[in-house]
Amino acid sequence: MLASKFKMVVALAAALSAPVMAQDKPRVGLVMKSLSNEFFKNMADTAQAYRARRGDFDLKAVGMKDETDVDSQVVAVESMIIQKASLIVLAPADSRAMVAPVAKAVKAGIMVVNIDVALDEAAKKKAGLELAFIGPDNRAGAKLAGEALGKALKPGDKVVIIEGNPGADNGRQRKAGFMDAVQQYQLNLVASRSAMWGTDEANQIFSNILTAHPDVKGVMAANDSMAVGIVKAIDAAGKSGKIKVVGFDNIPAVRPLIKSGKMLATVDQFGADMAANAIDLGLKARKSGVALTGWVKTPVALITAAELK
């Protein structure tokens, strides 16, 4: 297994090191998490369409094998350094582990813009980094979903949280937002488990939880990929429509589930545009010589069946 993973990382490094970017335009590297997640595939497609419309920069967009493949993300960033990228836009798989390669890129004179998942503040401070973060308030977004669930249930009803990656800031923030809603609506949290953003993992974990707690009334999933796995587990248990599920991301796969009542709601963080906006801001900052810092907060919105009519 380790040998297979090593071969994959080596192959990725070779592919990323290829001289694919022209020399007369700014070279932008977009480093995302897994492209098997519709959220990041849509982000990559939108960024490529933005590049085609503008025509004044070259873009290399890459995604990892899965949401937690930090090794491949490190390789991707280091390969962008070798290619002398002008700008790297990064959605980190891990908020702490990706600080070191980012620091290496900045030291090499490359502007880095952090999107989607905030890099760890303490780790950035230790590395002497001050970067802009372009992304949503994940805690506030998750609370929107949790509030929708709380309003649909009664105090004391049993609920479950299926968490994302606890090593990623957005995973921690979304859990915190869900917990805010649990406390506000006096729900009975019987389990909180991480499925590491994965559909199959969420399916298995929630199936086991449902066996132990067959009277669960609601589930909060930290992303829509996991929500899809949860709905499959509910269907398999013959409880379709009887357990209310909320998610986060508003990927196309969950919209039919919301319309049919198999999911109650999701949260749109308008991720498709996030990378394109970051590229625009990064290129402007690079041209002006003015550093891009602070939190550029992007919107979130609750999506229910009413919004999908």
Side-chain angles (χ1 to χ4, degrees), residues 32-34 37-43 46 67 91 115-118 133-153 159-166 168-185 187 189 192 194-199 202 206 218-231 234 243-275 277-278 295-309:
M32 297 163 290
K33 293 191 282 181
S34 175
N37 184 335
E38 286 185 80
F39 178 79
F40 290 105
K41 185 179 183 304
N42 292 340
M43 180 185 288
T46 303
E67 298 273 356
I115 64 169
D116 184 48
V117 182
F133 171 61
I134 298 176
D137 186 331
N138 281 284
R139 183 169 185 164
K143 189 169 186 288
L144 283 176
E147 286 175 342
L149 185 63
K151 291 172 184 176
L153 300 179
V159 297
V160 171
I161 295 174
I162 301 299
E163 307 169 32
N165 178 6
D169 181 74
N170 63 339
R172 295 191 295 270
Q173 292 299 322
R174 290 178 193 179
K175 180 183 178 182
F178 288 148
M179 288 301 302
D180 291 340
V182 167
Q183 292 167 9
Q184 179 180 346
Y185 290 90
L187 302 173
L189 181 67
S192 185
S194 172
M196 300 300 283
W197 307 121
T199 300
F206 186 68
V219 193
M220 293 173 262
N223 79 349
D224 282 344
S225 293
M226 295 190 297
V228 169
I230 291 164
V231 169
I234 292 171
I243 300 173
K244 300 190 183 302
V245 180
V246 295
F248 202 115
D249 282 341
N250 191 25
I251 63 174
V254 301
R255 293 170 199 162
L257 301 179
I258 294 173
K259 288 179 180 180
S260 69
K262 291 188 175 186
M263 277 183 66
L264 177 64
T266 186
V267 174
D268 198 340
Q269 61 169 318
F270 307 97
D273 297 320
M274 199 182 297
N277 292 337
W295 183 3
V296 181
K297 194 177 289 189
T298 56
V300 291
L302 184 71
I303 304 298
T304 65
E307 283 72 38
L308 295 175
K309 286 181 180 177

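Because only heavy atoms are used, hydrogens play no part in the values below, and waters and symmetry mates are left out as well, while side chains stay in.
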Please report, to 0.1 Å, the donor-acceptor pairs under 3.5 Å made by any side chain of residues 220-227, with sequence neighbours excluded.
from, atom 1, to, atom 2, distance (Å)
N223, OD1, S225, N, 3.4
N223, OD1, M226, N, 2.9
N223, ND2, W197, O, 3.4
D224, OD1, F248, N, 2.9
D224, OD1, T266, OG1, 2.8
D224, OD2, N250, N, 2.6
D224, OD2, I251, N, 3.1
D224, OD2, T266, OG1, 3.0

Looking at side-chain heavy atoms only, is the closest gap between [X] and [Y] below 4.5 Å?
| X | Y | answer |
| --- | --- | --- |
| D137 | V300 | no |
| E38 | D249 | no |
| N277 | T298 | no |
| M196 | P166 | yes |
| I234 | K262 | no |
| L264 | T304 | no |

Rounded to the nearest 0.5 Å, what separation is found between the CD1 atom of I134 and the NZ atom of K297?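 If I round to the nearest 0.5 Å, the distance is 14.0 Å.
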Taking atom NZ of K33 and atom CE of M43, what is their separation to the nearest 0.5 Å? 9.0 Å
Tell me the closest heavy-atom pair linking [X] and [Y], and the distance in Å.
| X | Y | answer |
| --- | --- | --- |
| S192 | L189 | CB-CD2, 4.4 Å |
| P136 | D116 | CD-O, 4.3 Å |
| D169 | V117 | N-CG1, 3.6 Å |
| N42 | P252 | ND2-CD, 3.7 Å |
| A148 | L302 | CB-CD2, 4.0 Å |
| M179 | I161 | SD-CD1, 3.7 Å |

Let me know which of Q269, R174, Q173 forms a side-chain hydrogen bond (donor to acceptor under 3.5 Å, both in side chains) with N138.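 Passing option: R174.
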Less than 4.0 angstrom from a charged side-chain N to a carboxylate O is my criterion; do E147 and K151 meet it? no
Is the closest side-chain donor-acceptor distance between N37 and E67 under 3.5 Å?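 Checked: N37/E67 side chains pair up, N/O donor to acceptor below 3.5 Å.
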